[in-house]
Amino acid sequence: MTLLSKHRALPLALIASAPFFFSTNVQAKAEDQNAKLSASPTSVDTSTTTKIQKESYSYQSHTETNASIDRVELKQALLRKSSTDLLEGSFILKNTANKDFLLKSITSDQCATVGQFQDTQAFTEETEDASGNIFKNLPIPRLNTIAFPFSSFHLSCLPKEKASFVNGQEVPFIFHFKEGDKTYNFTFQTNDETNNAQDKQ
């Protein structure tokens, strides 16, 4: 606004300070130039400026820059044995905040490593393909939901030697966000129980 006001006032200042004997033709040209400046796309009237300021304020007030990771919800988190010695986990992440989050990695005290499954093919942190782990530096967009079903990309866990799992057991996993850590529980189910749960969805 300040710069626009200075540019808009410039032709008027020139006319006011010019000698009285300027011809009416010169004055007409100056007034015409001033009119063109006022009508140019770079000029903004008061009502337009107020509208832009209100829209900017509205956007800032609805963007939750201080929202915590508690606004990221975990739903339908299930854990089951795979056809190998690994466990596989399916879950849904829902970001209820108007703010993007970044998931850096996932760990668990029950797992030696946590990686990803793609259908029936597993990639853990110990493999050469660990760089392809989708749970490393995964953006969680604002007001968005991301699903990781057993039929697509989902979580893999290499259990520790002494780890044991029974049907209905709550297994904690720590989601390490850039903004902080949060622990979510996965419910361990036998494959039969998991299939029944999926049929009901």
Side-chain angles (χ1 to χ4, degrees), residues 62-201:
H62 287 86
T63 301
E64 303 166 85
T65 55
N66 295 322
S68 72
I69 56 173
D70 290 333
R71 299 290 298 277
V72 180
E73 301 174 357
L74 189 78
K75 299 178 178 295
Q76 301 178 25
L78 301 176
L79 198 65
R80 71 182 185 186
K81 287 186 177 180
S82 70
S83 57
T84 63
D85 293 331
L86 298 173
L87 299 180
E88 53 183 337
S90 172
F91 61 98
I92 296 173
L93 274 180
K94 183 177 181 180
N95 184 359
T96 64
N98 192 9
K99 172 186 176 180
D100 299 335
F101 292 95
L102 182 67
L103 177 62
K104 303 289 288 183
S105 63
I106 302 175
T107 61
S108 174
D109 290 339
Q110 300 296 315
C111 306
T113 60
V114 176
Q116 74 179 43
F117 266 100
Q118 182 179 358
D119 296 331
T120 58
Q121 190 174 11
F123 299 91
T124 66
E125 296 294 341
E126 294 180 346
T127 69
E128 295 178 358
D129 298 290
S131 59
N133 187 350
I134 61 172
F135 300 119
K136 277 194 168 184
N137 299 319
L138 175 67
I140 311 297
R142 64 191 66 192
L143 303 175
N144 230 303
T145 299
I146 307 177
F148 301 95
F150 288 121
S151 60
S152 183
F153 287 101
H154 56 287
L155 179 144
S156 70
C157 161
L158 177 61
K160 292 183 177 179
E161 290 185 8
K162 296 182 179 180
S164 61
F165 304 91
V166 296
N167 191 49
Q169 177 181 342
E170 296 293 313
V171 183
F173 282 79
I174 303 173
F175 283 57
H176 303 278
F177 294 93
K178 179 182 179 182
E179 296 77 11
D181 296 345
K182 184 172 182 182
T183 301
Y184 301 99
N185 288 328
F186 283 65
T187 303
F188 180 81
Q189 293 182 341
T190 62
N191 287 1
D192 290 338
E193 290 291 334
T194 303
N195 292 335
N196 291 336
Q198 287 183 323
D199 291 338
K200 293 178 183 179
Q201 293 178 8

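Position 1 is the first residue of the sequence; numbering continues from there. Keep in mind the model is a prediction, meaning the values are calculated, not measured.
To the nearest 0.5 Å, atom NE2 of residue His176 and atom OG of residue Ser105 are 4.5 Å apart. Rounded to the nearest 0.5 angstrom, Ser156 OG and Gln116 CD are separated by 7.0 Å. Here Cys157 contributes atom SG and Phe117 contributes atom CZ; the two are 9.5 Å apart, rounded to the nearest 0.5 Å. Taking CD1 of Ile140 as the reference point, atom CG of Leu103 lies at 5.5 Å (rounded to 0.5 Å). Rounding to the nearest 0.5 Å places CG of Asn185 at 9.5 Å from OG of Ser108. Summarising the geometry, atom OG1 belonging to Thr190 is positioned 10.0 Å from atom NZ belonging to Lys81; distances are rounded to the nearest 0.5 Å.
Under the 6.0 Å cut-off for aromatic ring centres, Phe91 and Tyr184 do not qualify, their centroids lying 6.0 Å or more apart.
You'll find the side chain of Phe175 reaches within 4.5 Å of the side chain of Leu74, heavy atoms only. Residues Leu87 and Pro159 have side chains in contact (heavy-atom distance under 4.5 Å, counting atoms from C-beta outward).
Exactly one residue among Phe153, Phe173, Phe148 makes a ring pair (Phe, Tyr, Trp, His ring centres under 6.0 Å) with Phe135. That residue is Phe148.
Asn95 places a side-chain N or O within donor-acceptor distance of the main-chain N or O of Pro141, the cut-off being under 3.5 Å. A donor-acceptor distance shorter than 3.5 angstrom exists from the side chain of Thr96 to the backbone of Arg71, with no hydrogens or angles considered. In this structure a side-chain-to-backbone donor-acceptor pair under 3.5 Å is missing from Lys178 to Leu102. Remark: side-chain polar atoms of Arg80 are not paired, donor with acceptor, to backbone N or O of Gln189 under 3.5 angstrom. Of the possible donor and acceptor atoms, one in the side chain of Lys182 sits under 3.5 Å from a partner among the backbone N and O of Val72.
Counting all heavy atoms, side chain and backbone alike, Ala147 lies closest to Ile92 at CB-CG1, 4.0 Å. Heavy atoms only, all atoms of each residue included: Leu78 and Phe150 are closest at O-CZ, 3.9 Å. What you find for Pro149 and Ser90 is that their closest heavy atoms are CA-OG, 3.4 Å.
Looking only at atom types and distance, the side chain of Thr187 has a donor-acceptor partner in the side chain of Glu170 under 3.5 Å away.
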Inset, instruction - Apply side-chain contact (heavy atoms from CB on, under 4.5 Å) to the pair Lys104 and Asn137, showing each step before the final yes or no. - result: CA-CA 4 Å; Lys104 303 289 288 183; Asn137 299 319; 3.1 Å; yes

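For Asp109, there are no side chain to side chain contact (heavy atoms under 4.5 Å, CB included) partners, not counting sequence neighbours. Shown here are the side chain to side chain contact (heavy atoms under 4.5 Å, CB included) partners of Thr183, two or more places apart in sequence or in another chain: Pro172, Ile174. Residues passing the salt bridge (charged side-chain N to carboxylate O under 4.0 Å, His left out) test with Asp100 are Arg142, sequence neighbours excluded.
Within a 6.0 Å sphere centred on CG of Asp70, heavy atoms belonging to other residues, nucleotides or ligands number more than 12. In this structure, Lys94 places its NZ atom where only 12 or fewer heavy-atom neighbours from other residues, nucleotides or ligands lie under 6.0 Å away.
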